[in-house]
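Everything on this sheet refers to the single structure shown next.
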Amino acid sequence: MSQPVAAVRAPRPDAAGAVIRVGEVRKAYGAVQAVDGVSFEVAPGEIFGLLGPNGAGKTTTMEMIEGLHQPDAGTIEVLGLDVRRNASQIKHRIGVQLQTAALYPQLTVEELLRLFGSFYGRQRPVDQVLEDLELGEKRTAQTKTLSGGQRQRLSVALALVNDPEVVFLDEPTTGLDPAARQGLWQVVRRMQGEGRTILMTTHYMEEAEALCDRLAIMDHGRILEIGTVDDLIGRRFQERGVRFLRRDAPPEDQLRGLAGVTRLVAEDDEVVLFTRDVPATVGALLELTTRAGTEPADLMIRRASLEDVFLDLTGRALRD
Amino acid sequence: MPGLIALTAANLRSFTRDRAALFWTFAFPVIFVVLFGTIFAGGSSAYSLGWVDEDGTPPAAMLREAFVANAPVELTDGTLEESRERMSTGDLDAILVIPQGLAAAIEAAQGGGGEGPVTVTIITDPSRSGTSQAVQQIATGLVMAANLQLSGATPILTVDLETLQTSRLNSVSFFVPSILAMALMQLGIFAAIPLVEQREKLILKRLNATPLPRWTLVGSNVIVRLLIAAAQTAIIVGIGVVALGVEIVGNWVLIAGFVVLGALSFTAIGYVIASFARTEEAANGMTQIVQLPLMFLSGIFFPLEVMPEWLRGVATFLPLTYLGDALRQTMVGGTPFAPLGVDALVLAGWLVVTLGISARFFRWQ
């Protein structure tokens, strides 16, 4: 992870050049409508994220694109090919990392990479894949002996053995410590630098903000909004957020009336006041609390985040 | 094709690195063979008799030699008390007592006089009726023969005792093909467990995300099972031939054919289990439920002839009955339960039906 590749913020795709094209896709499991009319397009070289809580339909959507499930309705094209009719052809050109790392426990890292490589017409040298994912020193270790982070990296490595044009990553950093997560982000950026298109799911806001050129926010099987991080935030929040703990805070109706406040969002234990005039709002807030003999706990001023966007869209916090 | 080879190699590697799988596949049937071999070929083949010579003359010694030369006995000399002691601890099967005055009586009889026969006493254990009867027959026969010879009559009829195989060898010969059949049954049925495990751990799903065709997956699985079946057959038959003296009388091509057909049929049954078991634990339980009745009702441990009528009725439906029967017939010339053609047809029938069921119900994820 020596030289970080500067993420190129890719433009929105034009209709003709899209690498992935999903149109009005639906999928039900029994009575549960897992995916309920999802449409989006991913441009060449883009890192596109599906962001949402567990059960939002992200994984099902992604696995239908990978050809693992048949949609009940709708169209899916990958690299200009229809997934229903050209599944095998598409599978040669994509790399897939599944949410739960699927491994043969008794095989070594190198054996597993060679095994998967043998399934494809086109292969990347195993040494190169090992080096990319920093698994070189583990090449002769049986996979059952790997740590969670190593396993996750191997799972990503398996998605790269065929030098794929499109890479699918399903919650690639779940369960990793912050350092390992940063390391994997570098790997994903490098993939992009090599010209690959990446579709990933995540329920980590900071991951989506750090990695994804564009995002689709999903909940209950639907896409609520699509755009770049800046788009998504800017579309709803020109303001900044003044955030503090709800404990000892003045009543909400008083807070709403403070100078500059455009809206108030209350979460479990926090209150966020959105304002176009931070000094005026903070001044008024302090005046109010001083009169009450308290002070705002953990006071913080910040730009609105994807978290705020999700909260605004769904009325719920996105937490894992 | 490179995918098939690589996947087969990977499955074999995984298998050989899995100690538990290795034990159940190879050590377990070997233990069975050795166990049954020891039980049925156990100890020396002769009856051990106590020889109590109260006469101590050359004619008594000659009688002893005649016994050793002509009967399957091992004689241990001793006094009556010593011999009784040994018999009570189980070292002796019976005791023969040669009374004092044997030589004198023979001499008297040959001289034309004599006061009637001398009595040779056989002491047997009534709780072991089979052994007692055999010893009685042997001793009586030999005493009669001695009588004839001593009285100077020329024997007109003699009996030459010959059997095709001794009864003990028959038991081992029965068990070696039976245990091979059992091992093939387990090998096939247990195919369910790695398959369910691979589905549960999403390995099947991950493979499905590659361009590898599904038939390759199934094909590699079957190839691995057949290779293991071949290794099992070699080991079990090898031990039977080398260590237990079982003679393979049949046609090797026919034997190999039935080994393959049996392995395939039971692997297909394993796939049926994998089609209905959602978890590895469920698969484990289901394999036991399937294998136990097969093991005990298919004439593997008890010959079908000794089973009650209604159990034989059950056995006529079980595939293992026919695999065991076919292997016994082709390997050691066992008594047919059904003609070989019927054995083959029944196994093939099971194969077709169970393959159909798995094709219909098997889930990849």
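Chain A is the first sequence line, chain B the second, and so forth, proteins listed ahead of strands; every chain is numbered from 1.
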Review point. Would you say B/Thr210 and A/His92 make side-chain contact, with heavy atoms under 4.5 Å?
Key: no

Revision key, fill the gap. Scored by heavy-atom pairs under 4.5 Å with chain A, the best of B/Ala10, B/Ala209, B/Pro2 is B/Ala209

**Study point:** From A/Ser118 atom OG to B/Ile5 atom CD1, the distance as rounded to the nearest 0.5 Å
**Key:** 9.0 Å

Review point. Mind checking whether B/Arg206 and A/Ser155 have side chains closer than 4.5 Å, heavy atoms only?
Key: no

Exercise for review: Output the residues of residues 122-129 of chain A for which the shortest heavy-atom distance to chain B is under 4.5 Å, in residue-number order; output 'none' if no such residue exists.
Suggested key: none

Exercise for review: Against chain B, label A/Glu63 side chain, backbone, both or neither, depending on which of its atoms sit under 4.5 Å from a heavy atom there.
Suggested key: side chain

Practice item. Evaluate the side chain to side chain contact (heavy atoms under 4.5 Å, CB included) criterion for residues A/Leu103 and B/Ile203: first the C-alpha distance (whole Å), next the side-chain angles of each, then the deciding distance (0.1 Å), finally the verdict. Key: CA-CA 6 Å; A/Leu103 309 159; B/Ile203 293 177; 5.7 Å; no

Exercise for review: May I ask you to decide if B/Asn208's main-chain N or O and A/Lys91's side chain share a donor-acceptor pair within less than 3.5 Å?
Suggested key: yes

Practice item. Verify side chain to side chain contact (heavy atoms under 4.5 Å, CB included) between B/Leu207 and A/Phe119, making sure each step is shown before the conclusion. Key: CA-CA 9 Å; B/Leu207 289 175; A/Phe119 302 156; 3.4 Å; yes

Check your understanding: Is the backbone N or O of A/Thr108 less than 3.5 Å from a side-chain atom of B/Arg13, with the two atoms forming a donor-acceptor pair by type?
Key -> no

Point to revise | Basic-acidic side-chain contact under 4.0 Å: B/Lys205, A/Glu66 | key: no

Point to revise | Other residues, nucleotides, ligands: >12 heavy atoms within 6.0 Å of B/Phe23 CZ | key: yes

Check your understanding: Taking everything shown except B/Gln288 itself, do over 12 heavy atoms lie less than 6.0 Å from its CD?
Key -> yes

Exercise for review: Starting from the C-alpha separation in whole Å, work towards a yes-or-no answer on side chain to side chain contact (heavy atoms under 4.5 Å, CB included) for A/Tyr104 and B/Gln198.
Suggested key: CA-CA 8 Å; A/Tyr104 287 80; B/Gln198 290 189 0; 3.5 Å; yes

Check your understanding: Got a sec: does the CZ of B/Arg278 have more than 12 other heavy atoms crowding it under 6.0 Å?
Key -> no

Exercise for review: Tell me, for A/Thr143 versus chain B, whether the close heavy atoms (under 4.5 Å) come from the side chain, the backbone, both or neither.
Suggested key: neither

